[in-house]
Amino acid sequence: MINRQSSNVSAAARVLLALLFVVSAFGKLAAPAATKAYIVSVGLPSPDLAYLAALFIELGLGMALLVGYRTRVVATLLAIFTVITAFVFHAQFADPNQMTHFLKNIAIAGGLLQVAVYGAGGLGLDALRLRRSQTA
């Protein structure tokens with residue numbers, strides 16, 4: 001019972017974290033001009049490249065996390081991305097709103113690092129791959 005419950009909770013946590021990135025990617029797809037303008041506003045070069053990189057990371061890695069594929073590596077990469085975005089986009093510590101966003105990103109990175117350490121749990125493609133290799 002505990003093992004099944006643990007797998008269900010791990011999967012739920014992983015899905016909740018992944019949805020943040022996937023939904024954010026769809027927001028960027030819906031408003032590319034606004035996203036690129038925000039990228040320019042913080043002084044990043046090549047807004048088109050940064051936009052595409054963010055889409056790849058948020059949608060590609062977000063979907064990989066969602067289904068539990070290469071979960072430890074994906075969660076680590078998303079944690080790094082999230083910390084970088086905290087410092088690039090939300091490091092205006094005198095602004096309480098930006099400080100909240102900064103701390104939110106740091107907390108998300110902490111959750112992702114938990115996933116990186118403990119893996120996807122029993123529900124996900126990583127677990128399926130492991131079960132198949134053990135029966136082969």
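Throughout, residue positions are numbered sequentially from 1 according to the sequence presented.
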**Request:** Indicate the atoms forming the closest heavy-atom contact of G62 with V22, along with that distance.
**Result:** C-CG2, 3.8 Å
**Request:** Taking all heavy atoms of S10 and all of G121, pick out the closest pair and write down the distance.
**Result:** CB-CA, 4.0 Å
**Request:** Calculate, to the nearest 0.5 Å, the distance between atoms CG and OG1 belonging to N105 and T85 respectively.
**Result:** 4.5 Å
**Fill in**
Exactly one of T71, L78, L77 clears side-chain contact (heavy atoms from CB on, under 4.5 Å) with V74, and that residue is L78
**Hphob cluster co-occupancy, L17 + V23, side-chain heavy atoms under 4.5 angstrom** = no
**Request:** Tell me, with the steps shown, if F26 and E58 meet side-chain contact (heavy atoms from CB on, under 4.5 Å).
**Result:** CA-CA 9 Å; F26 281 113; E58 291 181 349; over 6 Å; no
**Request:** Answer whether the closest heavy-atom distance between the side chains of S133 and L130 falls below 4.5 Å.
**Result:** yes
**Complete:** Interatomic distance, CD1@I108 vs CG@L113, rounded to 0.5 Å, equals 12.0 Å
**Message:** Does this structure show an ion pair linking D126 with R70, if we count only N-O contacts that are shorter than 4.0 Å?
**Reply:** no
**Fill in**
Here the gap from T82 atom OG1 to L20 atom CG, rounded to the nearest 0.5 Å, amounts to 7.5 Å
**Message:** According to a hydrophobic-cluster definition based on side-chain heavy atoms being under 4.5 Å apart (Ile, Leu, Val, Met, Phe, Trp, Tyr only), do I57 and Y51 belong together?
**Reply:** no
**Message:** Side-chain heavy atoms nearer than 4.5 Å, only ILVMFWY residues, links allowed to pass through others: does that put V73 and L66 together?
**Reply:** no
**Request:** Would you kindly confirm whether V88 and Y38 end up in one hydrophobic cluster when ILVMFWY residues are joined by side chain heavy atoms under 4.5 Å apart?
**Result:** yes
**Asked** Same cluster for I80 and V115 if Ile/Leu/Val/Met/Phe/Trp/Tyr side chains link at under 4.5 Å?
**Response** no
**Asked** Can you list the steps and then say if M99 with D95 is a side-chain contact (heavy atoms from CB on, under 4.5 Å)?
**Response** CA-CA 6 Å; M99 177 61 102; D95 179 347; over 6 Å; no
**Asked** Strictly by modelled atom types, are K28 and S24 linked by a side-chain donor-acceptor pair under 3.5 Å?
**Response** yes
**Asked** Rounded to the nearest 0.5 Å, how far does CG of L55 lie from CG of L29?
**Response** 5.0 Å
**Message:** Please check this pair: side chain of R14 against backbone of L123, looking for a donor-acceptor N/O pair closer than 3.5 Å.
**Reply:** yes
**Prompt:** Could you give the distance from OH (Y118) to CZ (R72), rounded to the nearest 0.5 Å?
**Reply:** 10.0 Å
**Prompt:** For the residue pair L112 and A75, what are the closest heavy atoms and their distance?
**Reply:** O-CB, 3.4 Å
**Distance in Å, T100 OG1 paired with H90 NE2, rounded so as to fall on 0.5 Å steps** = 10.5 Å
**Steps toward ring-ring contact (aromatic ring centres under 6.0 Å, His included) verdict (F102, F89)** = CA-CA 8 Å; F102 179 86; F89 292 99; over 10 Å; no
